[in-house]
Amino acid sequence: MSGQTLFEKVWDAHVVAQESGAPAILYVDAHLVHEVTSPQAFNMLRARNLTVRRPDRTFATMDHAIPTRDVDIMLWPSDAAIQVRTLRQNCEQFGITLFDIEGDVQGIVHVVGPEMGITQPGMTIVCGDSHTSTHGAFGALAFGIGTSEVGHVLATQCLLQQKPKTMAINVEGELGFGVTAKDIILAIIAKNGAGGGAGYVFEYRGSAIRNLTMANRMTICNMSIEGGARAGMIAPDETTFDYIKGRPYAPQGEEWDRAVTYWRTLVTDDDAIFDRELDLDANQLAPMVTYGTNPGEGIPVTGHIPTVDEIEDAAVRRSLISSLEYMGLQQGQKMAGQPVDVVFIGSCTNGRIEDLREAAAVVKGRKVADTVWGIVVPGSKAVKSQAEAEGLDRIFSEAGFEWRGAGCSMCLAMNDDKAGAGKYVASTSNRNFRGRQGPGARSFLMSPIMAAAAAVNGRVVDVREEIG
Amino acid sequence: MQPFTTLTATAMPLRMENVDTDQIIPAKFLTAVTKDGMGDGLFSWLRYDDKGAPRPDFVLNQPQFEGAEVLIAGRNFGSGSSREHAVWALTEYGFRAVITPGFADIFYNNSLKNGLLPITLPEATVNMLLDLVEEEPEATIRIDLDAQEVTLPDGQRFGFAIDAFRKHCLLNGLDDLGYIESNAAAIDAYEARPVY
Ligand code: SF4
């Protein structure tokens, strides 16, 4: 018998029951909740007279709809205030820990979970949010679920799941100067397609992955869903353990030792077989930028937008034509030099302290171009206060960026942080869907340093020409 | 959940790939704390211009497709956000089935939990269906879940795959919760074991 993959080990450890011909009943170790996808699930509990089975394994925060300006949410003229109030009531009624916007701990659910040490190797983690894949960076099996499933997990701490297939993504080599984790994942999605991972769980492997920090690993796993995979995982190692140790919900003392002993077993066995493999050479990568309306439509900043003649697949051709029409761009055009109107630095992809440090280093002592509106939105309150302690807020403010409170903000433009219709946004977030960053807004996804360089130049540039 | 057995209905062609859930239901409709009214937001950006006037070139606004209960679209349908609101919007608007060459995983799952039947057919077949429906909007398509078959007016039939368990739930209108709860003893036993 061949060995097991990391995914298979974590999966097997969580199967509560498995009848033949039925999906597995999978146990959930940690359930994260936010204000937007949970109200209808709590309503279901009330309608059926159910309780939350494990409030101690359920954690809520507010991030999607809340303002990131310094305003009182309750005075905010928005349905968001109702959602916030509803979440407070639900958490109170069902006894769930809430990281409230009024408290010290709050932020984007996928930033707060790891920060608090809730996210640990070998766990199953779910949330009514597709970027739950982020937590896979710790060797957890983490994926997004719909609101019906949120209700199932609240009531039973379990989910019915069909076992997905596995895909190894091997990234060997060394990243060049100015090339980041964001470029790795954008290159993977450009290569494999936005839907190419449907039905699979990715495992990111290889020397280029092992050398990354936890923040960078989270950036990569975060965007697994943009490649069509519900989950992406990275085997835990010393980098992982160092990150977790001492965080509020991390195991302590003797329990810590037992945990680490177990976590060390969470690696893919040498003789394990993946259903598919994909290779990427890190040495060959350049900073990436998207030009279209799905995350698979990305190119190296040194390249040009494809032309229809270069594409064989009729559906991809059709998609290119319609994307470019929306984006107001031409086939064959270079992305370098393309003007931008708005720069957004933040999100669960790139709103961590490491991301802000890198972006600040690029803008330090420079000014955001006159034509550009730039905002920097920390992923959590902890990121915000750390950045302020390091003086990053001043670097951004002096350059002309707005320095905001923690939340999702212009990543999904559910609050008032919206790019206007037709505006080009250089964004560190994860989705360049039509209107994602505001009705009619047009997004270019890129790394934090690329976005910072775009801000000071007023156009897309190759960041490697800016620094160094 | 509303059971799904058979459906005979007209269809609407949406000739687009990668229709993400932000297109199906934009974020501004996610501020609701109930499921009501989602149908009004369905495809809002594609359906209305920035002044709120219906765009005549969008299929949802074309009278010949009014009353369609089957949606036919391109590959990677329902990608992006996990928002179940996308499924609620489709069902509230009146769709009972969606046919595409491929769905995003979370959307597919969410559909099954709301009695919306996601049918995957080969891309060539889907393209043929799009052509057919664009030319003959009045053509009725028959879907038989038990037989796992889509039948066209001229008698052509196309089989589709669906997981046996999911099919059983849809045919009988069962949701997951009852099934999970019937395994309560196994959950108790699982929780009692040491983690490491
Ligand atoms: S930052 Fe964006 S992608 Fe991440 S959870 Fe918030 S809205 Fe979703």
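So that the names make sense, note that chain A is the first sequence line, chain B the second, and so on, each numbered from 1.
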Chemist: Tell me the closest heavy-atom pair linking B/E84 and A/G146, and the distance in Å.
Modeler: OE1-C, 3.2 Å
Chemist: Check whether B/D50 gets within reach of chain A through its side chain, its backbone, both or neither, counting any heavy atom under 4.5 Å.
Modeler: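 Contact with chain A is absent: no heavy atom of B/D50 under 4.5 Å.
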Chemist: Is the CD atom of A/E254 crowded by more than 12 outside heavy atoms at less than 6.0 Å?
Modeler: no
Chemist: Which is it for A/D79 and B/K28 under the salt bridge (Lys or Arg N to Asp or Glu O under 4.0 Å) test, yes or no, and what are the steps along the way?
Modeler: CA-CA 10 Å; A/D79 299 347; B/K28 75 169 177 176; over 6 Å; no
Chemist: Between B/N109 and chain A, which part of the residue has a heavy atom less than 4.5 Å away: side chain, backbone, both or neither?
Modeler: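 Side chain only.
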Chemist: I need the residue from A/M414, A/E226, A/H152 with the largest number of non-hydrogen atom pairs under 4.5 Å to chain B.
Modeler: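 The answer is A/H152.
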Chemist: Non-hydrogen atoms of chain A under 4.5 Å away: do they reach the side chain of B/D188, the backbone, both or neither?
Modeler: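 Contact with chain A involves both backbone and side-chain atoms of B/D188.
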Chemist: Which value, rounded to the nearest 0.5 Å, describes the distance between A/F433 atom CZ and B/W45 atom CH2?
Modeler: 10.5 Å
Chemist: Working to the nearest 0.5 Å, report the span between CZ of B/R75 and CG of A/D313.
Modeler: 4.0 Å
Chemist: Do you know the tightest heavy-atom contact between A/Q120 and B/Y196?
Modeler: OE1-OH, 4.1 Å
Chemist: Kindly check if the number of other-residue, nucleotide or ligand heavy atoms within 6.0 Å of CZ (B/R157) is above 12?
Modeler: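 For B/R157, atom CZ is not crowded (no more than 12 foreign heavy atoms under 6.0 Å).
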Chemist: Below 4.5 Å, heavy atoms only, C-beta onward: do A/R434 and B/D22 meet side chain to side chain?
Modeler: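 Not in contact.
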Chemist: Is it the case that the side chains of B/Y108 and A/Q162 hold a donor-acceptor pair, with the cut-off being a distance below 3.5 Å and no angle test?
Modeler: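 No, no side-chain donor-acceptor pair sits under 3.5 Å.
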Chemist: Under 4.5 Å, counting heavy-atom pairs only, tell me which of A/A155, A/G228, A/A194 racks up the most with chain B.
Modeler: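 Most heavy-atom pairs within the cutoff with chain B belong to A/A194.
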Chemist: Quick check: are there more than 12 heavy atoms from other residues, nucleotides or ligands sitting under 6.0 Å from CD of A/Q18?
Modeler: yes
Chemist: Could you check which of A/T132, A/V15, A/T156 has the highest count of heavy-atom pairs closer than 4.5 Å to chain B?
Modeler: A/T156
Chemist: Based on non-hydrogen pairs under 4.5 Å, which of B/T31, B/V195, B/V87 is most in contact with chain A?
Modeler: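 Highest number of pairs under 4.5 Å: B/T31.
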Chemist: Counting heavy-atom pairs closer than 4.5 Å to chain B, which one of A/P439, A/G128, A/S322, A/A259 comes out on top?
Modeler: A/A259
Chemist: Taking all non-hydrogen atoms of both residues into account, name the closest pair between A/L50 and B/L177 and its distance.
Modeler: CD1-CD2, 3.8 Å
Chemist: Please name the pair of heavy atoms, one in A/R431 and one in B/S81, separated by the smallest distance, quoted to 0.1 Å.
Modeler: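 Where A/R431 meets B/S81 most closely, the heavy atoms are NH1-N, 3.1 Å.
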Chemist: Is it the case that over 12 heavy atoms from other parts of the model lie below 6.0 angstrom from the NZ atom of A/K423?
Modeler: no
Chemist: For A/P251, which atoms come within 4.5 Å of any heavy atom of chain B: side chain, backbone, both, or neither?
Modeler: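 The side chain, not the backbone.
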Chemist: Step by step, work out the side-chain contact (heavy atoms from CB on, under 4.5 Å) result for A/I25 and B/Y190.
Modeler: CA-CA 11 Å; A/I25 297 181; B/Y190 183 89; over 6 Å; no
Chemist: Which one, A/I225, A/V36, A/V316, leads in non-hydrogen pairs under 4.5 Å with chain B?
Modeler: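 Most heavy-atom pairs within the cutoff with chain B belong to A/V36.
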Chemist: When heavy-atom pairs shorter than 4.5 Å are enumerated against chain A, which of B/L30, B/N18, B/D20, B/T21 gives the highest number?
Modeler: B/D20
Chemist: Is the shortest side-chain heavy-atom distance between A/S130 and B/I106 below 4.5 Å?
Modeler: yes
Chemist: Give the intermediate values and the outcome of side-chain contact (heavy atoms from CB on, under 4.5 Å) for residues B/H85 and A/T37.
Modeler: CA-CA 9 Å; B/H85 310 64; A/T37 56; 4.3 Å; yes
Chemist: Run the numbers on A/E19 and B/F165 for side-chain contact (heavy atoms from CB on, under 4.5 Å), then give the verdict.
Modeler: CA-CA 10 Å; A/E19 277 181 87; B/F165 180 88; over 6 Å; no
Chemist: Tell me which of these, B/A189, B/G80, B/A104, has more heavy-atom pairs under 4.5 Å with chain A than the rest.
Modeler: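 It is B/G80.
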Chemist: For the pair B/D105 (side chain) and A/A198 (backbone), establish whether a donor and an acceptor sit closer than 3.5 Å, ignoring hydrogens and angles.
Modeler: no
Chemist: Closest heavy-atom contact between A/T86 and B/V33?
Modeler: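 The answer is OG1-CG1, 3.8 Å.
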Chemist: May I ask you to name which of B/K35, B/E191, B/R15, B/H168 has the most heavy-atom pairs under 4.5 Å with chain A?
Modeler: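 Of the options given, most contacts go to B/E191.
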Chemist: Measure distances from A/H64 to the heavy atoms of chain B and classify the residue's part below 4.5 Å as side chain, backbone, both or neither.
Modeler: neither
Chemist: Answer with side chain, backbone, both or neither: which region of A/A17 has an atom nearer than 4.5 Å to a non-hydrogen atom of chain B?
Modeler: side chain
Chemist: Sort B/F107 into side chain, backbone, both or neither according to what part of it lies under 4.5 angstrom from a heavy atom of chain A.
Modeler: neither
Chemist: Mind checking the CG-CG spacing from A/L160 to B/N183? Nearest 0.5 Å is all I need.
Modeler: 8.5 Å
Chemist: Quick one: of B/I180, B/N110, B/D163, B/D175, who has the most non-hydrogen atom pairs under 4.5 Å with chain A?
Modeler: B/I180
Chemist: Show your working on side-chain contact (heavy atoms from CB on, under 4.5 Å) between A/L320 and B/E17 and close with a plain yes or no.
Modeler: CA-CA 10 Å; A/L320 173 72; B/E17 277 71 36; over 6 Å; no
Chemist: Considering all heavy atoms of both residues, which atom of B/A32 and which atom of A/Q83 are nearest to each other, and what is their separation?
Modeler: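 Shortest heavy-atom contact: O-NE2, 3.4 Å.
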Chemist: Taking A/S148, A/G195, A/G193 one by one, which has the highest count of heavy-atom pairs under 4.5 Å against chain B?
Modeler: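 If we count pairs closer than 4.5 Å to chain B, A/S148 comes out on top.
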Chemist: Counting only non-hydrogen atoms closer than 4.5 Å, does A/A314 touch chain B with its backbone (N, CA, C, O), its side chain (CB onward), both, or neither?
Modeler: neither
